[in-house]
Amino acid sequence: MIRKTRLFTPGPTPLLPAAQFAMAAADIHHRTPEFRALFLKVLAQLKIFIGTQNDVLLLSSSGTGAMEASVSNFTSPGDKVLVLSAGKFGERWVGLAKAFGLEADVVTAPNGETFDLEVVKKALKPEHKAIYMQASETSTAASHDVEAIARLVKNTDTLLIVDGITGLGTQTFDVDGWGVDILIGGSQKAVMIPPGLAYLSVSEKAWAAAETSKNPRYYFDLRKERKNASKGESAYTPAVALIAGLGAALDYIANQAGGDLEKGRIALIDNAQVNAAATRAGLVALGFTLFAPKSPSAAATAVAVPEGMNSGDLVKALKTRFALVTANGQGEMQGKIFRVAHLGFFDYLDTVAFLGAVEHIAKDTLGLPVEYGQAVAAAQKVYAAAYKK
Ligand SMILES: *Cc1c(COP(=O)(O)O)cnc(C)c1O
């Protein structure tokens with residue numbers, strides 16, 4: 001039988017064909033009216049996609065570039081910050097804080113869990129320049145309550161800086177209402193295009209902090225990007241093809257709701273949430289244990305394989321037999337869990353296909369007592385209930 005490659009990783013995610021065509025056609029120069037029109041259109045779309053009146057900037061880098069810019073532009077060496085870390089991406093904030101000479105207080109939560117709000121409340125001090133967190137911790141597939149943290153920070157001088165790289169397109173944010181100062185996204189996640197672009201919204205409160213920051217900045221000088229963006233340009237040569245692809249992807253998301261991008265964004269979030277719930281039900285029906293049962297992310301699902309088994313065997317077998325690519329656990333979670341994505345260009349039938357493949361591998365590779373259709377049946381019920389609503 002033939003095999004068809006299917007990406008089920010939480011970044012990169014499957015590519016939207018319309019975006020691929022737009023990328024292939026994008027041989028335009030970046031200092032021309034054609035590009036300026038495209039860039040301004042995409043920035044305006046991103047504002048709606050993020051859901052904010054704040055400035056939105058686009059950087060030619062992977063998501064971590066925008067994370068670094070969110071440290072280097074708004075802090076100075078020696079500043080105290082609070083980092084909320086519950087996995088590999090939380091640790092990235094800790095590493096960045098260290099690299100820029102910040103004094104980071106760190107609130108942690110065990111892998112697969114989210115933060116105890118009382119602990120965060122106690123840890124947060126008026127001298128904290130910023131609080132750094134993830135909306136969705138992709139390494140454990142747990143989601144964090146950005147709204148609750150925002151309530152603690154509102155009306156203080158502390159900036160709220162959120163890595164929403166897998167949160168955007170999978171959970172709802174009221175950026176301006178809650179007071180999220182920085183919200184970061186990445187191209188290879190919910191927006192269905194390849195890696196290479198990061199985008200972020202920046203509040204007025206954050207811009208004021210940028211004026212007093214004493215860090216050196218050059219490529220990631222957000223003030224320079226803001227100035228250029230207002231003219232439809234970027235400071236340096238941007239990833240033109242990716243920007244064309246992003247425009248096409250945001251058009252597609254809008255067209256899922258009759259051309260209304262705000263409604264399309266909600267449809268995309270609902271889609272991820274229903275697929276995540278159906279996947280959880282299917283995998284639990286097969287005997288796997290949810291890794292983040294209390295606050296599961298809709299971006300990805302992480303499940304633990306039964307004691308004594310290796311999740312790597314399942315990841316490998318799915319790839320070998322079905323060309324279906326999932327993600328093993330990272331760091332100390334490697335071999336214990338595997339992760340499957342729902343963000344971006346996945347539909348419910350992808351979920352059915354995934355669960356159908358897992359039924360075979362769970363039976364043949366892991367030796368679990370599988371009845372064919374068991375996982376799919378559990379997912380079907382979740383889908384049916386969501387469809388009726
Ligand atoms: C993918 C991801 C990133 C960005 O990683 P890059 O490899 O730099 O694009 C950051 N945070 C989270 C939560 C992610 O899922």
Side-chain angles (χ1 to χ4, degrees), residues 4-51 55-66 165-166 168-169 184-201 219-220 224-265 267-268 271-272 323 325 341 343-347 349-350:
K4 199 166 143 183
T5 298
R6 287 180 168 86
L7 267 189
F8 274 93
T9 45
T13 62
L15 302 179
L16 178 77
Q20 291 177 286
F21 294 133
M23 288 188 283
D27 61 343
I28 52 176
H29 193 277
H30 59 286
R31 307 284 180 214
T32 58
E34 290 86 341
F35 179 77
R36 281 181 212 112
L38 169 68
F39 198 56
L40 288 172
K41 169 204 171 225
V42 172
L43 287 176
Q45 285 179 310
L46 279 176
K47 267 195 177 198
I48 301 169
F49 186 72
I50 296 177
D55 287 313
V56 171
L57 302 174
L58 198 45
L59 304 173
S60 295
S61 75
S62 84
T64 307
I165 295 177
T166 57
L168 281 157
I184 304 169
S187 58
Q188 79 275 35
K189 309 283 173 137
V191 291
M192 313 173 184
I193 62 168
L197 288 179
Y199 55 94
L200 70 167
S201 65
Y219 185 71
F220 289 125
K224 209 157 52 187
E225 289 302 338
R226 178 198 211 184
K227 214 165 143 209
N228 279 280
S230 68
K231 297 178 292 185
E233 296 200 3
S234 59
Y236 310 102
T237 311
V240 173
L242 289 171
I243 293 166
L246 180 54
L250 293 167
D251 287 346
Y252 168 82
I253 294 166
N255 288 336
Q256 295 303 303
D260 183 332
L261 183 53
E262 198 173 335
K263 290 205 182 102
R265 175 189 81 202
L268 185 71
N271 179 71
V325 187
L343 78 172
F345 193 47
F346 290 104
D347 68 3
L349 297 185
D350 291 322

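For the numbers below, each heavy atom of this structure counts, side chains included, while hydrogens, waters and symmetry mates do not. As the structure is a prediction and not an experimental result, all values here were calculated from the model.
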> Nearest heavy-atom pair of Ala241 and Ala26: which atoms, and what distance?
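For Ala241 versus Ala26, the nearest heavy atoms are CA-CB, 3.8 Å.
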
> Working note: Lys189 + Leu168, criterion side chain to side chain contact (heavy atoms under 4.5 Å, CB included); need CA distance, chi angles, decisive distance, verdict.
CA-CA 9 Å; Lys189 309 283 173 137; Leu168 281 157; over 6 Å; no

> How far does CG of Asp260 sit from CD1 of Ile48, to the nearest 0.5 angstrom?
8.0 Å

> Quick check: closest heavy atoms across Ile165 and Gly63, and the distance to 0.1 Å?
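Closest heavy-atom pair between Ile165 and Gly63: CD1-CA, 3.7 Å.
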
> Yes or no on side chain to side chain contact (heavy atoms under 4.5 Å, CB included) for Glu233 and Arg31, after CA distance, side-chain angles and deciding distance?
CA-CA 7 Å; Glu233 296 200 3; Arg31 307 284 180 214; 2.7 Å; yes

> How far apart are the closest heavy atoms of Ala190 and Gly169, and which atoms are they?
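Answer, listing the atom of Ala190 first, then Gly169: CB-CA, 3.9 Å.
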
> Less than 4.5 Å apart, side chain to side chain, heavy atoms only: is that true for Leu58 and Pro238?
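No, too far: nothing below the 4.5 Å cut-off.
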
> Test your reading of the model: is there a side-chain donor-acceptor pair from Lys4 to the backbone of Ala323, 3.5 Å cut-off?
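Such a contact is absent between Lys4 side chain and Ala323 backbone.
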
> Do Leu246 and Leu46 make a side-chain contact, defined as non-hydrogen atoms from C-beta onward lying under 4.5 Å apart?
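Yes, close enough: below the 4.5 Å cut-off.
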
> Atom CZ of Phe220 and atom OG of Ser61: how far apart are they, to the nearest 0.5 Å?
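Those atoms lie 4.0 Å apart.
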
> What's the separation between atom CD1 in Ile184 and atom OG1 in Thr166, rounded to the nearest 0.5 Å?
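Reported value, rounded in 0.5 Å steps: 12.0 Å.
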
> Knowing that exactly one of Phe345, Phe21, Phe49 qualifies, which makes a ring-ring contact (aromatic ring centres under 6.0 Å, His included) with Tyr252?
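Exactly one option meets the ring-ring contact (aromatic ring centres under 6.0 Å, His included) with Tyr252, and it is Phe345.
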
> Could you measure the distance from the CG atom of Leu15 to the CD atom of Gln188? Nearest 0.5 Å is fine.
10.5 Å

> Do side-chain atoms of Asn271 reach the backbone of Asp347 as a donor and acceptor pair under 3.5 angstrom?
no

> Taking it one step at a time, do Leu200 and Leu59 satisfy side chain to side chain contact (heavy atoms under 4.5 Å, CB included)?
CA-CA 8 Å; Leu200 70 167; Leu59 304 173; 4.1 Å; yes

> In Å, rounded to the nearest 0.5 Å, how long is the span from NE2 of His29 to OG1 of Thr237?
7.0 Å

> Which heavy atom of Pro194 sits nearest to which heavy atom of Ser187, and what is that distance?
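Where Pro194 meets Ser187 most closely, the heavy atoms are O-OG, 2.7 Å.
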
> Write down the atom of Asp350, the atom of Phe8, and the distance for their closest heavy-atom approach.
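In terms of heavy atoms, the two residues are closest at O-CZ, 3.4 Å.
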
> Quick one: are Val191 and Leu197 in side-chain contact, heavy atoms under 4.5 Å?
no

> When you compare the side chain of Ile193 with that of Leu16, does any pair of heavy atoms fall below 4.5 Å?
no

> Less than 4.5 Å apart, side chain to side chain, heavy atoms only: is that true for Lys41 and Asp251?
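Answer yes - side chains close enough.
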
> Identify the two heavy atoms, one from Gly245 and one from Ala19, that lie closest to each other, and give their separation to 0.1 Å.
O-CB, 3.5 Å

> So do the side chains of Tyr236 and Glu225 get within less than 4.5 Å of each other, counting heavy atoms only?
yes

> Hey, does Ser201 have a side-chain heavy atom less than 4.5 Å from the side chain of Asp55?
no

> Could you state the interatomic distance from CG (Leu343) to CG (Leu268), rounded to the nearest 0.5 Å?
8.0 Å

> Could you tell me whether the side chain of Val42 reaches within less than 4.5 Å of the side chain of Tyr199, counting heavy atoms only?
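No; the side chains remain at least 4.5 Å from each other.
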
